[in-house]
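Report on one structure; see the data block that follows.
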Amino acid sequence: EFQDIEMKRYIIVVESGFVFVGDMQPYGKEEHSIRVENAKNIRKFGTTNGIGQLALTGKTNTTVLDNVGTLHINTNKILFLIEVDPNVDL
């Protein structure tokens, strides 16, 4: 359940193929959406070991991130989440 997720930084993959990273906080059971602050669209991973590398070791010299501000995402559109190590730059 999304309401049980703590305010942490996550990589968020949504149905449309977009991949975002940001500080995610659920609204609660009734809202069926999440708020993502300090959000960035990950336009290019720039990794040699896939998307998980970003969560574990942070961005590379070839990673491309686009600032998008605050997002509101319907939880039905989320495919999966990857928790980002709090010590990495992403």
Side-chain angles (χ1 to χ4, degrees):
E1 298 274 338
F2 284 99
Q3 67 269 14
D4 296 329
I5 293 175
E6 296 177 38
M7 176 74 153
K8 291 183 181 176
R9 198 153 185 82
Y10 289 91
I11 293 173
I12 305 158
V13 180
V14 296
E15 277 184 358
S16 60
F18 284 98
V19 180
F20 300 101
V21 62
D23 303 316
M24 190 179 87
Q25 180 175 9
Y27 285 128
K29 291 181 184 179
E30 285 76 40
E31 296 294 334
H32 300 292
S33 61
I34 57 167
R35 178 184 173 104
V36 184
E37 297 176 358
N38 307 308
K40 297 177 183 180
N41 174 258
I42 304 175
R43 186 167 17 123
K44 182 177 177 186
F45 297 161
T47 63
T48 55
N49 290 310
I51 191 172
Q53 180 182 338
L54 291 172
L56 297 173
T57 61
K59 63 185 179 182
T60 69
N61 290 336
T62 56
T63 300
V64 179
L65 302 171
D66 301 314
N67 291 322
V68 293
T70 300
L71 292 174
H72 301 266
I73 302 173
N74 184 307
T75 57
N76 294 326
K77 303 297 180 184
I78 296 173
L79 297 177
F80 62 91
L81 305 170
I82 303 173
E83 190 173 328
V84 176
D85 184 313
N87 300 312
V88 303
D89 180 24
L90 184 62

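All values derive from a computational prediction rather than experimental measurement. Below, all heavy atoms of this structure are taken into account, side chains as well, without hydrogens, waters or symmetry copies.
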Residue pair [X] / [Y]: nearest heavy atoms and the distance that separates them:
{"X": "E15", "Y": "N76", "answer": "OE2-O, 3.5 Å"}
{"X": "F18", "Y": "N41", "answer": "CD2-ND2, 3.4 Å"}
{"X": "T63", "Y": "F45", "answer": "OG1-O, 2.6 Å"}

Group every Ile, Leu, Val, Met, Phe, Trp and Tyr by side-chain heavy-atom contacts under 4.5 Å, then state whether [X] and [Y] land in the same group.
{"X": "L79", "Y": "V19", "value": "yes"}
{"X": "I42", "Y": "V13", "value": "yes"}
{"X": "F80", "Y": "I11", "value": "yes"}

*Go through the structure and list residues passing side-chain hydrogen bond (donor to acceptor under 3.5 Å, both in side chains) with N38, not counting sequence neighbours.*
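Partners of N38 by the side-chain hydrogen bond (donor to acceptor under 3.5 Å, both in side chains) criterion, ordered by chain and then number, come out as D23.
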*Could you walk me through whether F20 and L71 pass the side chain to side chain contact (heavy atoms under 4.5 Å, CB included) test, one step at a time?*
CA-CA 9 Å; F20 300 101; L71 292 174; 3.5 Å; yes
_To the closest 0.5 Å, what do you measure between CG (L81) and OG1 (T75)?_
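L81 CG to T75 OG1: 10.0 Å, rounded to 0.5 Å.
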*Kindly write out the residues that satisfy salt bridge (charged side-chain N to carboxylate O under 4.0 Å, His left out) with D66, not counting sequence neighbours, or none if the list is empty.*
R43
*Applying salt bridge (charged side-chain N to carboxylate O under 4.0 Å, His left out), name anything that partners K44, two or more places apart in sequence or on another chain.*
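So K44 forms no salt bridge (charged side-chain N to carboxylate O under 4.0 Å, His left out) with any residue.
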Please report, to 0.1 Å, the donor-acceptor pairs under 3.5 Å made by any side chain of residues 46-58, with sequence neighbours excluded.
from, atom 1, to, atom 2, distance (Å)
T47, OG1, G50, N, 3.2
T47, OG1, G50, O, 2.9
Q53, OE1, T48, N, 3.1
Q53, OE1, N49, N, 2.8
T57, OG1, Q53, O, 2.8

_Could you list the cluster mates of V64? Members are the ILVMFWY residues connected by side-chain heavy atoms closer than 4.5 Å, either directly or through other members._
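ILVMFWY cluster around V64 holds nothing else.
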*Side chains of T70 and V36: does their closest heavy-atom pair fall under 4.5 Å?*
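They are not in side-chain contact.
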Give every donor-acceptor pair under 3.5 Å between a side-chain atom in residues 82-90 and any protein atom, sequence neighbours left out.
from, atom 1, to, atom 2, distance (Å)
E83, OE2, K8, NZ, 3.2
D85, OD1, N87, N, 2.7
D85, OD1, N87, ND2, 3.4

